[in-house]
Enquirer: 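Take this structure first; my questions come after.
Chain naming here is simple, since letters A, B, ... match the order of the sequence lines and numbering starts at 1 in each. In this text, all values refer to a predicted model and were calculated from it rather than measured experimentally.
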Number of protein chains: 2
Amino acid sequence: MFSKTCRYGIRAVLFLALNGKGAKRFSPDTIAEALEVPRYFLAKILLQLSRGGLVSSAKGRGGGFYLSEENLARPVIDIILELEGKEFFKGCVLGLKRCSSAKPCPMHFQAIPLRDGLKFQLENQTIRELSNGLNPIQILND
Amino acid sequence: MFSKTCRYGIRAVLFLALNGKGAKRFSPDTIAEALEVPRYFLAKILLQLSRGGLVSSAKGRGGGFYLSEENLARPVIDIILELEGKEFFKGCVLGLKRCSSAKPCPMHFQAIPLRDGLKFQLENQTIRELSNGLNPIQILND
DNA sequence: TTATATAAAGACGTTTTTGTCTTTTAATAA
DNA sequence: TTATTAAAAGACAAAAACGTCTTTATATAA
């Protein structure tokens with residue numbers, strides 16, 4: 001479904017949302033250890049999320065990654081679009097150029113409504129909302 | 001959504017369903033040209049589908065790929081399981097080991113019902129049913 | 001039987017994804 | 001100012017996905 005990049009990224013953002021009370025900062029290493037994901041790889045993902053304005057960072061001593069109010073107000077779908085690409089929810093399931101409701105591919109009406117349903121949910125839910133009421137263990141691997 | 005392997009494979013199977021009236025046989029080259037997909041790559045996919053019992057083949061002169069009655073009666077999901085792997089509709093969206101309704105990951109209730117919905121549809125539709133009433137141009141790339 | 005057509009098998013190469021490591025830049029504390 | 005801490009940048013490498021080509025096995029037609 002989602003790439004590893006995207007799965008690690010979503011979990012890292014939620015880690016920051018859940019643990020970042022009081023302007024705390026977290027290094028990639030800290031997050032990677034908690035989530036049990038490759039640390040250097042996660043560092044790159046965090047960098048990409050930072051460039052996309054989905055997480056904030058501070059360099060130097062006492063620095064690290066965190067979520068600003070702006071970050072928390074972003075819709076969840078933006079994490080996915082940043083890490084999977086803007087086309088992730090677009091295009092034909094079978095990869096056909098001119099597939100549409102008017103000229104549907106064989107799987108169009110089975111798959112597209114479901115994809116659009118997920119897209120709608122993720123567009124209308126902020127990172128803050130997704131993290132609300134979440135138990136920290138829900139992003140851990142065991 | 002689906003890998004190229006899977007997308008090419010689904011289209012190739014439907015090509016055979018739509019064009020195979022009267023026990024006709026088709027070479028990978030013929031199918032690849034019609035679908036505008038890489039021919040050697042498609043040949044491998046057809047081989048894999050053949051091993052999985054989703055398409056039939058005959059060697060030698062006059063041979064080629066085709067769908068038997070048994071092939072046509074297979075559920076559509078089997079194409080996907082063969083080409084994407086048996087785990088494709090299983091497991092956590094975020095890749096967590098112990099994610100379930102009882103211990104859900106943050107996206108569980110958003111994504112799993114949709115995935116299960118698609119799975120159910122594909123389990124309960126045969127290749128013949130999917131190809132019924134389909135216009136041959138619906139699997140072409142333009 | 002021989003030539004031909006075709007799937008099957010397998011070697012090889014490219015691109016993308018995933019993962020690791022080192023060096024550089026910048027901020028803070030002492 | 002200097003040492004330390006941490007993100008940023010970028011080189012490198014392994015694995016998987018994608019794609020190409022050649023050789024071999026096999027069935028059919030002539």
Side-chain angles (χ1 to χ4, degrees), chain A residues 1-13 16 20 23-33 35-68 71 80 82-85 87-88 94-95, chain B residues 1-13 16 20 23-33 35-68 71 80 82-85 87-88 94-95:
Chain A
M1 169 112 201
F2 296 128
S3 66
K4 289 194 177 185
T5 297
C6 192
R7 301 197 307 240
Y8 297 165
I10 292 170
R11 291 172 65 205
V13 169
L16 293 174
K24 287 202 209 100
R25 313 289 167 89
F26 297 91
S27 70
D29 276 18
T30 303
I31 305 169
E33 189 173 17
L35 304 183
E36 296 179 73
V37 303
R39 56 186 190 139
Y40 294 121
F41 191 37
L42 182 63
K44 283 197 171 175
I45 296 166
L46 286 166
L47 194 59
Q48 192 179 347
L49 289 170
S50 172
R51 290 208 187 90
L54 285 151
V55 305
S56 303
S57 67
K59 274 192 174 186
R61 194 164 183 149
F65 290 94
Y66 63 99
L67 299 186
S68 66
N71 298 146
I80 294 157
E82 177 64 40
L83 298 177
E84 301 280 16
E87 305 299 304
F88 189 71
L94 295 183
Chain B
M1 171 107 200
F2 295 127
S3 65
K4 290 193 176 183
T5 296
C6 191
R7 301 196 308 238
Y8 297 164
I10 292 169
R11 291 171 65 205
V13 169
L16 293 175
K24 286 201 210 102
R25 313 288 166 91
F26 297 90
S27 70
D29 275 19
T30 303
I31 306 170
E33 189 172 20
L35 303 183
E36 296 179 73
V37 303
R39 56 185 190 138
Y40 294 121
F41 192 40
L42 183 64
K44 284 198 169 177
I45 295 166
L46 286 166
L47 195 58
Q48 191 179 348
L49 289 171
S50 172
R51 291 208 187 91
L54 284 151
V55 305
S56 304
S57 67
K59 275 191 172 187
R61 191 164 183 152
F65 291 92
Y66 63 98
L67 299 186
S68 66
N71 299 145
I80 294 157
E82 177 63 39
L83 298 177
E84 300 280 14
E87 305 299 304
F88 190 70
L94 295 184

Enquirer: Restricting to side chain to side chain donor-acceptor pair (under 3.5 Å), what partner residues turn up for Gln48(B), sequence neighbours left out?
Expert: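 If we apply the side chain to side chain donor-acceptor pair (under 3.5 Å) test to Gln48(B), skipping adjacent residues, there are no hits.
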Enquirer: Atom CZ of Arg25(A) to atom P of dA8(D): distance rounded to whole Å?
Expert: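 About 12 Å, once rounded to whole Å.
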Enquirer: Suppose we screen for side chain to side chain donor-acceptor pair (under 3.5 Å). Which residues come up paired with Arg39(A), at least two apart in sequence or across chains?
Expert: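 For Arg39(A), the residues satisfying side chain to side chain donor-acceptor pair (under 3.5 Å) (neighbours in sequence not counted) are Asp29(A).
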Enquirer: Given atom CZ of Phe2(B) and atom C1' of dA17(D), what is their separation to the nearest angstrom?
Expert: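 Between C1' of dA17(D) and CZ of Phe2(B): 17 Å.
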Enquirer: Rounding to a whole Å, what distance do you find between Leu83(A):CG and dT18(C):P?
Expert: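 The answer, rounded to whole Å, is 10 Å.
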Enquirer: Establish, with yes or no, whether the OP1 or OP2 oxygen of dT18(C) is under 4.0 angstrom from a side-chain nitrogen or oxygen of Tyr8(A).
Expert: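 So the side chain of Tyr8(A) is outside the cut-off, no N or O lying under 4.0 Å from OP1 or OP2 of dT18(C).
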Enquirer: Residues two or more places apart in sequence or in another chain: which of them pass salt bridge (charged side-chain N to carboxylate O under 4.0 Å, His left out) with Arg25(A)?
Expert: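 If we apply the salt bridge (charged side-chain N to carboxylate O under 4.0 Å, His left out) test to Arg25(A), skipping adjacent residues, there are no hits.
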Enquirer: Could you state the OH-C1' distance from Tyr66(A) to dA27(C), rounded to the nearest angstrom?
Expert: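 It is 13 Å, rounded to the nearest whole Å.
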Enquirer: Once you round it to whole Å, what is the distance between C1' of dA9(D) and CD1 of Ile45(A)?
Expert: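 The answer, rounded to whole Å, is 16 Å.
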Enquirer: Closest approach to the side chain of Thr5(B), judged atom by atom: which nucleotide of dG19(C), dT20(C), dC18(D) is it?
Expert: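 The answer is dC18(D).
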Enquirer: Nearest whole Å is fine: how far is dA17(D) C1' from Leu42(B) CG?
Expert: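 Roughly 16 Å, once rounded to whole Å.
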Enquirer: How close or far is atom P of dC18(D) from atom CD of Glu36(B), stated in whole angstroms?
Expert: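 My rounded result for the distance is 19 Å.
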Enquirer: Which residue pairs pass the salt bridge (charged side-chain N to carboxylate O under 4.0 Å, His left out) test with at least one member in residues 1-12 of chain A, sequence neighbours excluded?
Expert: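 Listed once each, the pairs would be none.
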Enquirer: What heavy-atom pair brings Leu42(B) and Ala12(B) nearest, and what distance separates the two atoms?
Expert: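 Smallest heavy-atom distance, with atoms named: CD1-CB, 3.9 Å.
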Enquirer: Once you round it to whole Å, what is the distance between C1' of dA7(D) and OH of Tyr40(A)?
Expert: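 It works out to 14 Å between those atoms.
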Enquirer: Return the CG to CG distance between Leu49(A) and Leu16(A), rounded to the nearest 0.5 Å.
Expert: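 Output value for this atom pair is 9.0 Å.
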Enquirer: Polar pairs (N or O, both sides) under 3.5 Å between protein and nucleotides 13-16 of chain D?
Expert:
none

Enquirer: Does Thr30(B) have any side chain to side chain donor-acceptor pair (under 3.5 Å) partners at least two apart in sequence or in another chain, and if so, which?
Expert: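 With neighbours one apart ignored, the set is Ser27(B).
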Enquirer: Go through the structure and list residues passing side-chain contact (heavy atoms from CB on, under 4.5 Å) with Glu33(A), not counting sequence neighbours.
Expert: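 Once residues adjacent in sequence are excluded, Glu33(A) has no partner under the side-chain contact (heavy atoms from CB on, under 4.5 Å) criterion.
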Enquirer: For every nucleotide of nucleotides 2-13 of chain C, 5' to 3': is a protein heavy atom under 4.0 Å from its base (B), only from its sugar-phosphate (S), or from neither (-)?
Expert: --SBBSSSBB--
Enquirer: With sequence neighbours excluded, what pairs up with Ser57(B) under the side chain to side chain donor-acceptor pair (under 3.5 Å) test?
Expert: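 Listed in chain order: nothing, the list is empty.
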